[in-house]
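Remarks on the structure that follows.
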Amino acid sequence: MSSIIVSAEVIVTSPSRNFVTLKVVTDDGVVGWGDATLNGRELAVASYLRDHVAPLLVGKDAEQIEDTWQYLYKGVYWRRGPVTMAAIGAVDLALWDIKGKMLNRPVYQLLGGAVRTGILTYTHATGWDIPELLDSVDAKRELGFRAVRAQSGVPGLSTVYGVHKGEPEYEPAGRGARPIEEVWDTDAYLNHAPKVFNAVREHVGPELKLLHDAHHRLTPIEAARLGKDLEDARLFWLEDVTPAENQDALKYVREHTTTPLAIGEVFNSIWDCKDIIANQLIDYIRVCPMHSGGISHTKKIYSFAELYNVKGGPHGPSDVSPLSISASLNLALATPNFGAQEFMGYAKEVSDVFEHSYTFEDGYMHPGDLPGLGVEFNEEAAKAYPYTPAYLPVARTRDGAMTNW
Ligand code: EZ4
Ligand code: CO
């Protein structure tokens with residue numbers, strides 16, 4: 001069987017939100033799909049792939065996944081960064097998809113096989129006030145979730161990260177030519193959050209795993225205080241308490257609290273997280289396999305993390321496509337040190353374009369047993385949804401200064 005790449009094509013489509021998809025075809029007609037979606041900067045990755053990567057792929061052997069990874073990483077000279085690593089990630093996903101289809105095995109079998117029967121998965125609950133949040137948590141439990149991320153409104157703020165505005169599911173990116181501007185108040189948040197989590201824990205009892213995302217907003221000492229104040233609620237993890245680029249900040253948080261910490265959805269290589277892992281400053285590493293150079297590179301991050309009792313807890317927002325979710329699930333199924341997969345779910349139109357084999361049952365996801373990644377991109381269906389500019393919000397403090405969104 002031959003596996004020379006004859007074409008690599010980029011498709012941008014917007015079934016409810018924008019997704020960038022890479023299609024790689026071999027001379028034997030095997031088609032591999034990769035996700036390359038970088039929320040709010042979609043066209044940068046699309047151009048990177050279309051203009052600079054696709055021409056290099058044609059003629060290469062699709063079976064040489066690691067060599068292609070090294071070629072694109074070392075060969076670019078300008079290493080790392082979210083655009084480059086998402087592009088490499090998309091190629092990596094497509095090549096694993098091709099290899100699985102050539103060998104007629106799901107990707108997790110090629111990664112060593114399943115080490116568990118299913119992947120603990122958490123989803124999002126939101127509410128403007130505590131009663132609304134409790135209803136939302138109950139609704140997610142009724143769907144079978146054993147782990148739920150809770151985000152609530154903050155008195156005095158009219159928009160808050162993670163809290164929906166009437167739409168069925170939370171979607172942070174707003175369509176339009178410019179990002180919307182939000183106002184943020186850390187003191188109001190820090191006063192309110194412990195009340196919220198004490199109420200949620202009291203409502204759900206001890207078993208449900210509870211998570212919370214502080215979304216990069218706090219200084220180390222504020223984060224330490226939040227961690228302490230949430231200890232009674234026994235969180236599964238507290239996410240992104242400080243901006244992720246300063247790995248040393250977690251040291252100060254860690255010294256003050258036993259609340260487990262998770263960070264890393266904006267990381268895109270092992271270089272971004274090697275120190276927090278080796279110094280055991282976190283409990284879960286949040287890299288999304290596509291954004292961090294694909295299955296090949298994320299597997300290395302997970303294996304490194306295994307040495308330090310840090311588990312995988314990957315980012316799985318609705319702004320990466322089902323291809324990324326499936327790649328993440330295939331890797332998770334074969335990873336011993338795995339914690340929980342995030343899954344927000346998708347608008348209905350997304351399943352029309354990305355036909356997927358992964359399943360959710362009784363709190364656990366499974367990638368399914370179709371060859372490759374188990375997700376087929378429907379090119380005809382995609383044509384109905386042209387790209388529309390959309391941006392994540394930006395945030396300002398009450399005095400009008402830009403702050404972390
Ligand atoms: O803000 O995916 O844990 N999940 C998150 C997400 C991110 C978005 C950014 O595109 O923090 O909601
Ligand atoms: Co997050």
Side-chain angles (χ1 to χ4, degrees), residues 14 16-20 35-45 82-83 85-86 89 121-126 136 140 145 147-152 159-165 167 169-175 179-180 182 184 189 193 209-218 223 226 235-245 250 259-268 272-273 282-292 312-325 328 339-347 350 389-395 403-405:
S14 192
S16 79
R17 64 164 356 280
N18 294 315
F19 296 107
V20 178
D35 177 30
T37 309
L38 188 63
N39 201 2
R41 293 293 184 272
E42 295 87 356
L43 300 185
V45 189
V83 175
M85 297 307 281
T121 299
Y122 75 94
T123 195
H124 295 185
T126 81
S136 175
K140 303 301 174 181
F145 285 98
V148 175
R149 189 189 90 162
Q151 306 290 136
S152 94
T159 50
V160 175
Y161 165 76
V163 186
H164 67 89
K165 308 173 192 81
E167 68 271 33
E169 297 297 336
Y170 178 67
E171 165 55 64
R175 296 203 188 229
I180 62 156
E182 298 184 349
W184 177 247
Y189 168 68
K209 293 175 172 41
L210 287 175
L211 301 85
H212 179 63
D213 192 343
H215 222 253
H216 325 276
R217 310 234 165 151
L218 307 177
L226 180 64
L235 293 193
F236 183 79
W237 81 44
L238 175 59
E239 176 176 335
D240 288 341
V241 278
T242 52
E245 59 265 46
L250 275 297
T259 294
L261 302 175
I263 206 161
E265 65 188 45
V266 301
F267 292 161
N268 43 64
D272 301 327
C273 53
I282 53 170
D283 301 278
Y284 300 93
I285 178 70
R286 295 267 303 141
V287 286
C288 166
M290 177 268 288
H291 287 146
S292 56
H315 195 207
S318 51
D319 50 79
V320 296
S321 89
L323 282 156
S324 280
I325 298 294
S328 193
Q341 171 72 48
E342 181 180 32
F343 185 66
M344 287 171 68
Y346 291 104
V350 177
Y391 291 98
L392 288 168
V394 297
T403 187
N404 306 314
W405 174 74

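Positions are given from 1, in the same order as the sequence printed here. Order of appearance sets the numbers: ligands from 1, and atoms from 1 within every ligand. These figures come from a predicted structure and were not determined experimentally.
When the ring-ring contact (aromatic ring centres under 6.0 Å, His included) test is applied to F267, no partner is found at least two apart in sequence or on another chain. S328 meets the side-chain contact (heavy atoms from CB on, under 4.5 Å) test with P289, P314, Q341; sequence neighbours excluded.
Side-chain atoms of S14 and R175 include a donor-acceptor pair closer than 3.5 Å. For the 3.5 Å distance criterion, the side chains of Q151 and H212 qualify, holding a donor opposite an acceptor.
For T37 (side chain) and D319 (main-chain N/O), no donor-acceptor pair under 3.5 Å exists by modelled atom type. Using modelled atom types, no side-chain atom of D240 and backbone atom of A214 make a donor-acceptor pair closer than 3.5 Å.
Excluding waters, the set of protein N/O/S atoms under 2.8 Å from the Co ion (ligand 2) reads D213 OD2, E239 OE2, E265 OE1.
Between Y122 and W237, the distance from one ring center to the other falls under 6.0 angstrom. Ring-centre distance between Y161 and Y189: not below the 6.0 Å cut-off.
Within 4.0 Å of ligand 1, contacts by protein heavy atoms are made from N39, R149, Y161, D213, H215, E239, E265, R286, H315, P317, D319, E342, L392, W405.
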Worksheet entry | Pair H216-T242, side-chain contact (heavy atoms from CB on, under 4.5 Å): steps then yes or no | CA-CA 5 Å; H216 325 276; T242 52; over 6 Å; no
